[in-house]
Amino acid sequence: MCGRYTLLADELEILQEFGIDQPVENYHPSYNIAPGQDVLAVIHDGNEKRAGYLRWGLVPSWAEDERIGYKMINARSETAHKKPSFKQLMSRKRCLIVADSFYEWMKTEEGKQPKRIQLKDRGLFAFAGLWDKWNHDGKTLFTCTILTKEANPFMQEIHHRMPIILPKEKEDDWIKPEKMPPNEAGEFLESLHDEDFTAYDVANYVNTAKNNDEQCIKPIA
DNA sequence: CCAGACGTTGTT
DNA sequence: GTCTGG
DNA sequence: CCAGACGTTGTT
DNA sequence: GTCTGG
C-alpha cells in the first residue's frame with residue numbers, strides 16, 4: 001500500500017516534468033509526507049493542467065464527518081470502479097499525486113523495518129489518485145486518495161500491496177478531462193506496465209511523522 | 001419501498 | 001449521492 | 001503509514 | 001482494541 005512518501009524535487013523541475021505553466025502556490029518539499037497532510041497533485045480542470053495541494057485522505061462529498069478521511073488514504077484499484085465511494089470519482093475526478101520515493105514497512109522477526117523505495121532512475125513520478133470536494137457547515141475541503149494494487153515481484157518481498165505509479169507516457173491519459181466510464185478507468189489501470197524499483201533500509205526515525213529532514217532518507221547498514 | 005452503509009490495511 | 005440488504 | 005491517546009467530575 | 005493526529 002502506500003502510507004508515507006517523499007517529494008524533494010525543486011518546484012521548477014516539477015513544473016517542467018509535468019508540463020505545468022503556473023507556479024505552485026506555497027510549494028514545500030518534504031522528507032516525510034503523511035496522511036492528513038496537504039499533498040501536491042496535478043489535475044486537468046478542463047482548460048489546463050494545474051498543480052496544487054489536496055488533503056490526503058478522501059472525504060466523500062456525502063460524508064457528515066471529515067474524520068472519515070483517516071480511513072480513506074488508499075483505494076483498491078481492483079474494485080474502485082464499483083464502490084459507491086469511488087465510482088463517480090473514477091469517472092471524473094482522477095489526479096496525479098507527485099512524489100519521488102515512498103516508504104513501506106517490512107515485517108521481520110525483529111519488528112518492522114522501514115524501507116525507502118525509488119524508481120530505478122531515482123526520478124520524479126506520479127501516483128494514480130482520485131480526488132473530491134467536500135462542503136459541510138460552511139467548510140470546504142479538497143481531498144484525495146492513492147490507488148493501490150497487488151504488489152509486483154520486486155515489491156512482494158517487502159509488502160503484498162503497492163501504490164499504482166503511472167508510466168510517464170500514461171500520466172496525461174489518466175487525467176484527461178473527458179469523462180470515462182468507471183470500468184474503463186479500472187481497465188486503464190489494469191493495463192499499465194510495472195516500473196523498475198530500487199529500495200534500501202532507513203531508520204525508525206521516519207516512523208514519527210513530524211520528523212522531516214535528511215535523516216528520514218539516510219541509508220542504514 | 002426505506003434504512004443504513006459507504007473504506008483500507010492486516011490479522012485471525 | 002448511490003448502492004445493498006431487508 | 002506510525003505514534004499516542006483513549007474519561008469524568010470538580011476544583012484551582 | 002480503536003480512533004485521531006501528524
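Worth saying up front: this structure is predicted, and the values here are computed from it rather than measured.
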**OP:** Determine, for A/Lys168 against A/Glu17, whether the closest basic-nitrogen to carboxylate-oxygen distance falls under 4.0 angstrom.
**Re:** yes
How is [X] classified with respect to the nucleic acid when contacts are heavy atoms under 4.0 Å: base, sugar-phosphate, or nothing?
X: A/Tyr103; result: nothing
X: A/Thr145; result: nothing
X: A/Ala75; result: sugar-phosphate
X: A/Lys82; result: nothing
X: A/Trp62; result: base

**OP:** Look at the rings of A/Phe125 and A/Phe127 and say which category their plane angle falls in: under 30° parallel, 30 to 60° tilted, over 60° perpendicular.
**Re:** perpendicular
**OP:** Specify whether A/His28 and A/Tyr53 have parallel, tilted or perpendicular ring planes, treating 30° as the upper limit for parallel and 60° as the lower limit for perpendicular.
**Re:** parallel
Taking atom [atom1] in both [N] and [M], what distance in whole Å separates the two?
N: E/dT2; M: D/dT9; atom1: C1'; value: 25 Å
N: B/dA5; M: E/dG6; atom1: P; value: 29 Å
N: E/dG1; M: D/dT8; atom1: P; value: 23 Å

**OP:** Please test A/Thr143 against A/Asp132 for side chain to side chain donor-acceptor pair (under 3.5 Å), starting from the C-alpha separation and ending with a verdict.
**Re:** CA-CA 6 Å; A/Thr143 64; A/Asp132 205 355; over 6 Å; no
Original post:
Between A/Asn32 and A/Tyr103, do the side chains contain an N or O donor and an N or O acceptor separated by less than 3.5 Å?
Top reply: no
In whole Å, I'd like the distance from the [atom1] atom of [X] to the [atom2] atom of [N].
X: A/Arg92; N: C/dG1; atom1: CZ; atom2: C1'; answer: 13 Å
X: A/Ile164; N: B/dT8; atom1: CD1; atom2: C1'; answer: 14 Å
X: A/Lys133; N: C/dG1; atom1: NZ; atom2: P; answer: 15 Å
X: A/Leu147; N: B/dT9; atom1: CG; atom2: P; answer: 10 Å
X: A/Lys115; N: D/dC1; atom1: NZ; atom2: P; answer: 17 Å
X: A/Leu58; N: B/dT9; atom1: CG; atom2: P; answer: 14 Å
X: A/Glu64; N: B/dA5; atom1: CD; atom2: P; answer: 13 Å
X: A/Arg116; N: D/dC1; atom1: CZ; atom2: C1'; answer: 16 Å

Sub-3.5 Å donor-acceptor pair from the side chain of [X] to the main-chain atoms of [Y], do we have one?
X: A/Arg4; Y: A/Asn207; result: yes
X: A/Ser77; Y: A/Thr148; result: yes
X: A/Ser101; Y: A/Arg116; result: no

Original post:
Does OP1 or OP2 of B/dT9 have a side-chain N or O of A/Thr148 closer than 4.0 Å?
Top reply: yes
Subject >> Pairwise 5' ranking along DNA chain B for A/Lys112 and A/Ser85, keeping only the more 5' one >> reply: A/Ser85
**OP:** Once you apply the 3.5 Å cut-off to both distances, tell me the Watson-Crick or G-U wobble partner of D/dG4, or none.
**Re:** E/dC3
Measure all distances between protein nitrogen or oxygen atoms and nitrogen or oxygen atoms of nucleotides 4-6 of chain E, and list the pairs falling under 3.5 Å.
unit_1, atom_1, unit_2, atom_2, d
E/dT4, OP1, A/Arg67, NE, 3.4
E/dT4, OP1, A/Arg67, NH1, 3.4
E/dG6, N7, A/Pro35, O, 3.2
E/dG6, O6, A/Pro35, O, 3.0
E/dG6, N2, A/Arg4, NH2, 3.1

